[in-house]
Number of protein chains: 2
Amino acid sequence: MTNDGGKRDPSAKRDKSAKRGLTSAEKVLGVLSLFSTERPVWSPERAAVRMRVSLATGYRYFNTLVAAGMLEKLNRNRYVLGPAIVELDRKVRAADPVLKLAQPVMERLLRRLREPAAILLCRYYRQKVMCIHQETNRGGEPVSSYERGTLRPMFRGATSKVILAYLPPRTIVDLWRDHRREIVAAGMGPGFEDFKAALRALRREPVNVSSSEVDAGRTGIAAAIFDASGRVNGSLSIVLLSPPANKRAVARLTMAVQAAAREIERGRGMAPTKAG
Amino acid sequence: MTNDGGKRDPSAKRDKSAKRGLTSAEKVLGVLSLFSTERPVWSPERAAVRMRVSLATGYRYFNTLVAAGMLEKLNRNRYVLGPAIVELDRKVRAADPVLKLAQPVMERLLRRLREPAAILLCRYYRQKVMCIHQETNRGGEPVSSYERGTLRPMFRGATSKVILAYLPPRTIVDLWRDHRREIVAAGMGPGFEDFKAALRALRREPVNVSSSEVDAGRTGIAAAIFDASGRVNGSLSIVLLSPPANKRAVARLTMAVQAAAREIERGRGMAPTKAG
DNA sequence: GTGCTAATTCTCACATGCTGAGAATTAGGC
DNA sequence: GCCTAATTCTCAGCATGTGAGAATTAGCAC
């Protein structure tokens, strides 16, 4: 799904999974990850080649995805991601307790800001950080790169680093194994011990402030959000579109984002619908 | 996906599809439609019972969906729809040319309105109408029932009726077959000829105005949006939260929504990315 | 309309791999 | 660190997914 070139989820069992071929349903679902912003339209033929299946099977896959609404036939030979996805995301939003809690807090936080900024709610997803919700005091456009569903780099930017700092040890090990190069480039190397030390350092500050690490000229001020059992759930961050005026301004925003994160945490507790 | 109780897509071949059982991938995808706003959390066991498969297979289905990111394990026994859906919807939005064109038009249209209102962009989807985008001049909350991904009834409300009016004959026949009761209740019966006459009547007006058909006290003013080959693509509508002041106000809004729809249509033409 | 070509479905035989039942194992909670 | 429920594993049997190619359909040009 992450379009990372077909690399399997590294948090899955690493021992035997490599051997066994993909199940049929996995291959069908895999078709969805062919679709990207750069290449939003696919034909069954081209997909069949990419998935290493016959043309007939390519059509079979597309047909079952179309039947599920996950794909939509634009016209002869041209398919795009389908409306079922839109409907599903609505359900995801409706079922997300953190989003529900965070939204009003984010709106309130934004209203207190005088400078052009965006407030971001993000979470960890597959060795990256995904934007869940954005509030902005501009006409939307200038910060559109942070909209819901966008992925951000794991090791750069306050939004990500504040999550990274608190990820469970297993995940940290996996990240080191899979992204050593990137970690070193971000100044958290060169060894695993250095990386862990960098994370400890991040944990010492309640809020992370980073400038121009993702987008030039932008400053992120981020606080982690924890769930009831103390695990990191995501992050809340203020993204300033232009460099902050002075130290005092940064201090003020630091306080504000931290307070907002704590407020979101306070709202949790009531368990969502019970599963049977 | 529409949660319509497992009813199959009626636009599919109706002759032989009934006989053959579901393919494996179809069943896996079918699991996703168990999740709803009312019941957002499922266990593999309960899903296995609902899908008429063994417990082991229930776990297998959940595992492949989790591997694809379509489901996420909250904790032991509790699964929710996963972040891959969020990521996919981002791609859907990025690939939607109508949305891209409509958004600025909708913002501009909204700014011209003095009264509390929402502007809706909608489309046909599986015998219903789905909201694709919403712009509102209130604090979001009071019109939240129209947010992206929401389904609206096919035969009530201006937003839907203006689409219904131009659906292809095949679809109309299917709708009559599957929703006769509802159509009659909406005053478009009692016979198929009456239904077709009602649609003709709708087509005679460029804009449809309906009051309190979906939500009490609300008025919808909607215009159809057509694609380059003249097929109905969706609808643009103004939803007034309180009854309009007078006839003149309605006439003004009618003009405005129609002009906006034409503006969106004018923007199309440039073909999206070519498929291979 | 008529014909052309490419897209799409169909047929069928084969073997892959999905399935259910139950045993074995793992993991949370007290 | 126990205990019970959750989850995975094993395995045999057969349903069904698969590829190759033929048959059909649908869009498009003239």
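Chain A is the first sequence line, chain B the second, and so forth, proteins listed ahead of strands; every chain is numbered from 1. What you see below is based on every heavy atom in this structure, not just the backbone, and it leaves out hydrogens, waters and symmetry mates.
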Rounding to a whole Å, what distance do you find between [X]:[atom1] and [N]:[atom2]?
| X | N | atom1 | atom2 | answer |
| --- | --- | --- | --- | --- |
| B:Phe62 | C:dC18 | CZ | C1' | 18 Å |
| B:Asn77 | C:dG29 | CG | P | 11 Å |
| A:Leu29 | D:dG17 | CG | P | 14 Å |
| B:Leu22 | C:dC18 | CG | C1' | 14 Å |
| B:Arg78 | D:dT7 | CZ | C1' | 17 Å |
| A:Leu74 | D:dG27 | CG | P | 14 Å |
| A:Leu65 | D:dG17 | CG | P | 14 Å |

*Please list, chain by chain and in numerical order, all residues satisfying ring-ring contact (aromatic ring centres under 6.0 Å, His included) with B:Tyr59, sequence neighbours excluded.*
none

*Mind checking whether B:Phe226 and B:Tyr166 have ring centres under 6.0 Å apart?*
yes

_If you take the centroid of each ring, where Trp contributes its six-membered ring, are A:Trp176 and A:Phe195 closer together than 6.0 Å?_
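For A:Phe195 and A:Trp176, the ring centres are under 6.0 Å apart.
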
[X], nearest nucleotide to its side chain (from [options]):
| X | options | answer |
| --- | --- | --- |
| A:Arg76 | D:dT18, D:dT25, D:dA5 | D:dT25 |
| B:Tyr59 | D:dT8, C:dT8, C:dT19 | D:dT8 |
| A:Val53 | C:dT19, D:dT7, D:dG19 | D:dG19 |
| A:Ser24 | D:dT7, C:dC18, C:dG22 | C:dC18 |

*Indicate, with a heavy-atom threshold strictly under 4.0 Å, whether B:Asn63 touches base, sugar-phosphate, or nothing.*
sugar-phosphate

*Looking at every strand, decide which applies to A:Tyr61 at a 4.0 Å heavy-atom threshold: base, sugar-phosphate, or nothing.*
sugar-phosphate

*Could a donor-acceptor pair under 3.5 angstrom be found where the side chain of A:Arg60 meets the base of D:dG19?*
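Such a pair exists between side chain and base.
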
*Could you go step by step and tell me if B:Arg93 and B:Asp96 meet the salt bridge (Lys or Arg N to Asp or Glu O under 4.0 Å) rule?*
CA-CA 5 Å; B:Arg93 272 178 279 135; B:Asp96 187 340; over 6 Å; no

*asked:* Does a side-chain N or O of B:Lys27 approach OP1 or OP2 of C:dC18 to a distance below 4.0 Å, or not?
replied: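 False: B:Lys27 side-chain N/O out of range (4.0 Å or more) of C:dC18 OP1/OP2.
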
*Phosphate contact (D:dT7 OP1 or OP2) by B:Lys73 side-chain N/O below 4.0 Å*: yes

*Work out which heavy atom in B:Ala165 is nearest to a heavy atom in B:Leu202; give both atom names and the distance.*
CB-CB, 3.6 Å

*At their closest point, which heavy atom of B:Ala260 faces which heavy atom of B:Val105, and how far apart are they?*
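That closest heavy-atom pairing would be CB-CG1, 3.6 Å.
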
*What bend angle does the helix from C:dG1-D:dC30 to C:dG29-D:dC2 show across its length, from five-pair end axes and to the nearest 10 degrees?*
80°

*asked:* Using salt bridge (Lys or Arg N to Asp or Glu O under 4.0 Å), reason through B:Arg262 and B:Glu265 one step at a time and then give a plain yes or no.
replied: CA-CA 5 Å; B:Arg262 294 298 87 80; B:Glu265 287 168 358; 2.8 Å; yes

*Contact nearer the 5' end of DNA chain D, comparing A:Ser54 with B:Leu55*: B:Leu55

